[in-house]
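Model, not experiment: these values are computed from the prediction. Throughout, protein chains are lettered first and strands after them, A, B, ... in sequence-line order, and every chain is numbered starting at 1.
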Amino acid sequence: MSDVALIKSLLLTIPLAFLVFRALPAGLALAARLPLALALGWTVALGVTLLVPTGVMSYLASFAIVGSIYAVIALGLNVQWGYTGLFNIGIAAFFAVGAFTSALFTTTAPTGVAAGFTQQAFGLGAPFLVGVLAAGVVAGVLAAVVGGPTLRLRDDYLAIATIGIAELVRLVFQNERWLANGPQPLRGIPQPLVCLVREAGCPWLPAPIMGLFAPLSPRDYTYVYLVITALFVIVTFMVLERAVRSPWGRLLRAVREEEDAAAMNGKDVARIKLQAFVVGAVIMGMGGALYAHYMVAIDYSHFDPLYATFLIWVMLMLGGSGNNRGAILGAFVIWGVWTGAAFAVDALRPALAAISPELPARGPYLRLLLIALLLIFILLFRPKGLIGEERFVSRHSGSREA
Amino acid sequence: MALLTIEGLTTGYGEMEVLRDVSLRVEEGEIVSIIGPNGAGKSTAMKAAFGLLEPWQGSIRLGERTISGLSADKIVRLGMCYVPQTDNVFPSLTVEENLEMGAFILTGPIKERKERVFALFPRLAERRKQRAGKMSGGERQMVAMGRALMLDPKLLLLDEPSAGLAPLLVDMIFERIRDINASGVSVLMVEQNAKKSLELAHHAFVLVNGENRIDGAGQALLADPEVGRLFLGG
Amino acid sequence: MDAMTPPLTTRRRPGERLKGLLGSRWALLTVLALVVAGLWLMASLQGIPGQRVLSLMVRGVMLGGILALGAIGLSLIFGVLRIPNFAHGDMMTSGAYLALLALSFIPLGAPLGPFSFGYEFLVALVIAMPLVGLLGYALDRLVFRRLRNQKSPPVIMAMAALGSAFLIRSLIYVFWGADFVFYYTGRPRPAFELFAGIRVRPDQLFILGLALAMIILVYLLLERTKMGKAMRATADNPELARVTGIDTESVIRWTWLIGGGLAGAGGVMYGLDAQLRPEMGWWLLLPLFAAVILGTIGNAYGALVGALVIGIVWQVSTAFLNPAYGPGVAFMVLILVLLFRPQGIFGKPGGA
């Protein structure tokens with residue numbers, strides 16, 4: 001077995017072990033569950049790394065990265081819609097603001113000749129985690145500004161206002177050159193921990209540990225970033241699972257179901273809605289940051305309502321709103337359908353060309369057709385999604401039924 | 001043969017049971033009043049009678065026909081019309097247009113019917129081009145009742161016709177209800193104003209906590225000590 | 001259930017009275033007038049001649065006419081079905097493209113007078129309008145009626161509308177591609193002086209005239225026909241309409257047909273004035289909703305007033321703002337309305 005395969009499989013163990021851990025029966029003692037999960041996770045990781053061809057493997061890894069980023073954003077949407085019933089169709093706004101914020105915080109502003117080509121309001125050269133945090137904060141502030149006047153009004157006003165903020169954000173990043181290089185992409189967004197795969201290595205890491213990563217070459221960075229995004233999904237998931245089982249989570253559902261209306265006055269309801277809206281937006285903003293550091297170069301067109309809002313809605317609705325596992329599952333399934341459909345359309349090229357010579361070039365839009373139909377079918381025939389909502393029977397024991 | 005018969009009705013909203021085993025009857029030509037304290041389920045009983053709530057148990061018959069589960073426009077065709085308690089006019093329509101909407105299911109000319117309503121409520125005739133949203137509470141109640149009368153119903157359901165009206169207007173509305181009844185229309189109404197409605201009613205049902213408590217002739221209930229204790233401050 | 005209705009007049013504290021004053025119809029109209037005046041002031045401060053601002057106002061009225069065609073249908077659908085129809089913008093787009101399709105089957109005629117189009121364009125318009133109406137009706141039959149029968153919550157229907165929007169747009173992408181197109185390429189579209197230095201293109205006057213004619217037709221329909229009155233009644237209060245015995249299903253059917261037809265006409269006209277792009281309707285969605293909420297949901301005439309206001313503010317703002325921000329300006333007006341008078345110009349207090 002090569003060193004590369006070993007280190008790759010170790011990296012992959014982190015997300016896989018978590019999946020296995022979740023899949024094992026909860027009755028098992030932690031002392032048995034954790035080692036078992038690690039062992040099984042590593043076995044699977046090793047098997048996959050050795051058996052699947054390297055090219056396919058790195059494609060799968062980058063697929064999983066984007067899937068994880070979407071999963072984080074779908075988890076954010078689940079706080080807003082799934083638990084609280086807030087109809088946000090301007091996800092793109094928080095996604096984009098998070099991405100650009102982190103980009104501006106972590107890049108360094110160009111000087112000299114380069115400044116003529118790339119303009120940006122500032123560039124702090126801050127570390128990755130600072131960028132992600134700033135992305136969450138700015139997205140949260142934006143949510144507070146939008147939610148403040150609209151959340152106390154009828155539900156559909158929020159939806160309309162969120163369309164508005166998404167359009168406005170897109171227009172700003174498209175037209176304001178000084179802010180983040182206008183319609184041109186903002187480039188050079190740093191990749192966190194990229195030094196692990198570089199020849200020079202990470203100076204702050206002890207040599208023996210650095211030596212462990214020596215077999216990796218820069219093109220293996222995907223695996224490193226996959227671990228980072230997977231950790232984000234895991235942490236977000238665990239925090240949210242705690243939150244929705246807390247009294248706060250119960251308040252969110254009460255607001256959604258409009259129950260206990262007598263016990264809560266309008267001010268409380270509006271405050272709880274605002275909290276949920278901001279928390280969801282913070283998560284979306286962090287998802288945006290993850291996206292920016294993966295893409296390295298971003299511009300306004302990445303945050304089209306189709307990719308950055310609609311697709312995420314379909315993910316949550318398919319997985320099952322009000323269920324965090326559903327949000328993650330939906331994100332991966334829909335991202336799989338979306339990318340898989342690209343292959344299908346490619347394979348159909350000759351057939352499409354036979355219908356009309358222009359059709360093959362428009363193949364990508366057939367995917368949009370498919371996803372839009374899928375959403376309508378879900379709404380009509382399976383509004384609960386694949387797994388449906390978790391029911392919480394007792395608020396004291398925290399136990400749950402399927 | 002009673003006009004409207006409700007037997008053993010149990011129903012509610014969502015999971016919450018509001019009425020339990022309630023029975024009511026309206027005979028031809030009668031004014032029947034449902035009274036009871038707040039939250040007794042009076043309006044719910046009326047909504048169920050009009051098919052706005054599915055009965056969980058029990059039956060609702062208009063004449064011989066079971067009407068549970070029929071849609072509102074079918075029930076209207078059978079000769080039962082309903083005036084909700086609040087938001088009972090179309091605010092952006094004129095008085096005259098409100099009346100026309102009452103006769104939506106008719107295809108022929110309706111001028112004569114409109115004139116009949118205007119004769120009953122001359123105030124509406126004066127303001128026929130006025131938007132209903134700009135009218136006072138009493139006038140709105142007249143518009144709402146007039147609209148329900150456009151179909152010449154056999155039975156008129158009134159949900160708290162006097163709610164929120166000044167005392168003078170309350171007397172006027174009860175006077176009109178008497179006129180409507182005199183013209184051959186049976187009336188089933190829910191009222192907060194127990195004393196006035198008992199004076200008017202041929203028969204009355206008292207609901208408490210979603211169940212039948214007492215029923216009898218209006219005048220008899222006025223004299224009933226329990227009713228007096230419950231509603232009349234006696 | 002048995003709660004007493006609140007008395008019609010309530011005594012109010014001074015603070016509430018001030019808030020009431022701020023939220024009154026006239027206050028809102030004053031604010032809007034101030035917005036327009038402010039725009040004018042900003043334009044003149046930047047040395048933009050008054051004539052240009054006036055020209056922009058005239059263009060704004062025309063744009064308002066186009067928006068009104070979409071907004072009237074959107075407002076009626078909003079009122080009658082209680083759902084924000086997020087597919088309305090894309091229905092407008094579909095009208096523009098269906099007219100383009102129709103044009104490809106009709107022999108090209110000479111331009112009519114000063115206009116850039118010939119008779120065939122009018123034929124295409126007349127074909128496209130009912131097709132978009134049928135599209136709306138089909139959406140209702142296949143999607144929204146099923147959801148109504150399943151007693152789905154309104155927000156699920158709103159989501160279905162969003163799905164329909166992307167469905168329509170994906171079909172447009174597949175059939176026509178993503179590039180922008182013109183109805184007539186290469187035809188000169190000169191502007192001429194109307195009066196007092198106001199410059200417009202003949203096409204724009206045609207659009208304004210046609211929009212006005214259609215608005216008058218809608219007015220007659222809503223005021224004079226039984227179905228029109230029933231539509232207004234249902235938009236006022238769908239629950240009451242049902243208990244009154246109005247056949248709300250047929251009202252809904254006609255609302256989609258008429259709202260769709262108007263949206264189709266609006267899309268064709270927008271395409272004539274600018275160009276056709278698959279995203280054009282989505283970009284119009286925000287100004288449309290701003291117009292509808294400004295003019296009170298469910299009120300067709302309010303939608304007309306709202307559309308004119310939005311059109312003028314949008315156009316005049318281009319004198320000193322990047323024209324790309326037009327929808328953003330509409331959004332600002334929307335936020336102002338939501339802050340001060342969420343029930344719109346013609347709504348009753350607390351009606352939002």
Side-chain angles (χ1 to χ4, degrees), chain A residues 81 85-87 89 145-146 148-150 152-161 163-172 174-176 256 304-306 309-311 313-314 317 321 352 356 358-359 361-381 383, chain C residues 78 82-84 86 139 142-143 146-147 150 152-160 162-178 278-279 282-283 285-290 292-293 297 322 324-332 334-340 342-343 352:
Chain A
W81 163 254
L86 305 176
F87 194 26
I89 37 180
V145 170
V146 181
T150 45
R152 56 194 172 81
L153 305 171
R154 335 181 349 165
D155 293 346
D156 27 28
Y157 284 6
L158 175 72
I160 295 162
I163 295 187
I165 196 68
E167 288 293 294
L168 201 60
V169 164
R170 194 179 55 83
L171 287 171
V172 166
Q174 182 175 3
N175 294 300
E176 301 306 319
R256 186 194 61 189
D304 185 273
L306 163 61
T309 297
F310 186 62
L311 219 48
W313 265 106
V314 184
M317 294 307 291
S321 35
L352 293 175
S356 155
E358 282 147 347
L359 214 45
R362 293 174 194 158
Y365 299 114
L366 289 170
R367 298 192 289 174
L368 175 54
L369 182 66
L370 177 75
I371 292 286
L373 280 174
L374 185 63
L375 175 65
I376 292 171
F377 273 98
I378 295 169
L379 293 175
L380 281 175
F381 301 111
Chain C
F78 213 152
R82 302 280 128 149
I83 51 169
F86 296 118
L139 280 180
L142 297 174
V143 180
R146 285 165 191 267
L147 291 172
Q150 290 171 13
S152 296
V155 69
I156 293 294
M157 298 209 209
M159 205 179 296
L162 186 68
S164 310
F166 281 89
L167 183 68
I168 295 171
R169 200 184 334 161
S170 69
L171 288 170
I172 290 168
Y173 278 131
V174 169
F175 284 108
W176 286 282
E279 301 87 5
W282 178 260
W283 291 338
L285 201 54
L286 196 58
L288 289 180
F289 273 114
V292 167
I293 293 175
I297 289 171
N322 183 340
Y325 281 116
V329 172
F331 179 59
M332 289 304 161
L334 174 66
I335 291 292
L336 277 181
V337 176
L338 290 182
L339 281 175
F340 290 107
Q343 73 272 33

Using a 4.5 angstrom heavy-atom cutoff, name the option from [options] with the most pairs to chain A.
{"options": "P154(C), G177(C), A178(C), A290(C)", "result": "G177(C)"}
{"options": "L162(C), L171(C), L142(C)", "result": "L162(C)"}
{"options": "L334(C), I335(C), N322(C)", "result": "N322(C)"}

Can you say whether [X] sits under 4.5 Å from chain A via the side chain, the backbone, both, or neither, judging by heavy atoms?
{"X": "L286(C)", "result": "side chain"}
{"X": "I297(C)", "result": "side chain"}
{"X": "L339(C)", "result": "both"}
{"X": "S164(C)", "result": "both"}
{"X": "M332(C)", "result": "side chain"}
{"X": "F175(C)", "result": "backbone"}
{"X": "I293(C)", "result": "side chain"}

Q: Grab the two heavy atoms, one from P84(C) and one from D156(A), that are nearest each other, plus how far apart they are.
A: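 In this case the closest contact between P84(C) and D156(A) is CG-CB, 3.7 Å.
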
Q. Can you name the nearest heavy-atom pair linking Y157(A) to P342(C), along with the distance?
A.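 Closest pair (atom of Y157(A), atom of P342(C), distance): OH-O, 3.1 Å.
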
Q: Decide side chain to side chain contact (heavy atoms under 4.5 Å, CB included) for I160(A) and F86(C); before the verdict, give the C-alpha distance in whole Å, the side-chain angles of both, and the deciding distance to 0.1 Å.
A: CA-CA 9 Å; I160(A) 295 162; F86(C) 296 118; 4.1 Å; yes

Q: Test side chain to side chain contact (heavy atoms under 4.5 Å, CB included) on F166(C) and I371(A) and set out the steps.
A: CA-CA 9 Å; F166(C) 281 89; I371(A) 292 286; over 6 Å; no

Q | Heavy-atom pair count under 4.5 Å with chain C, highest-scoring of V146(A), I165(A), T309(A) | A | I165(A)

Q: Show the numbers, then the answer: is there a side chain to side chain contact (heavy atoms under 4.5 Å, CB included) between L369(A) and Y173(C)?
A: CA-CA 9 Å; L369(A) 182 66; Y173(C) 278 131; over 6 Å; no

Q) Can you list the residues that meet the salt bridge (charged side-chain N to carboxylate O under 4.0 Å, His left out) rule with E176(A), with sequence neighbours excluded? A) none

(Q) Just to verify, what does R367(A) make a salt bridge (charged side-chain N to carboxylate O under 4.0 Å, His left out) with, not counting sequence neighbours? (A) none

Q: Start with the C-alpha gap between F331(C) and E167(A), add the side-chain angles, then the distance that decides, and say whether side chain to side chain contact (heavy atoms under 4.5 Å, CB included) holds.
A: CA-CA 9 Å; F331(C) 179 59; E167(A) 288 293 294; over 6 Å; no

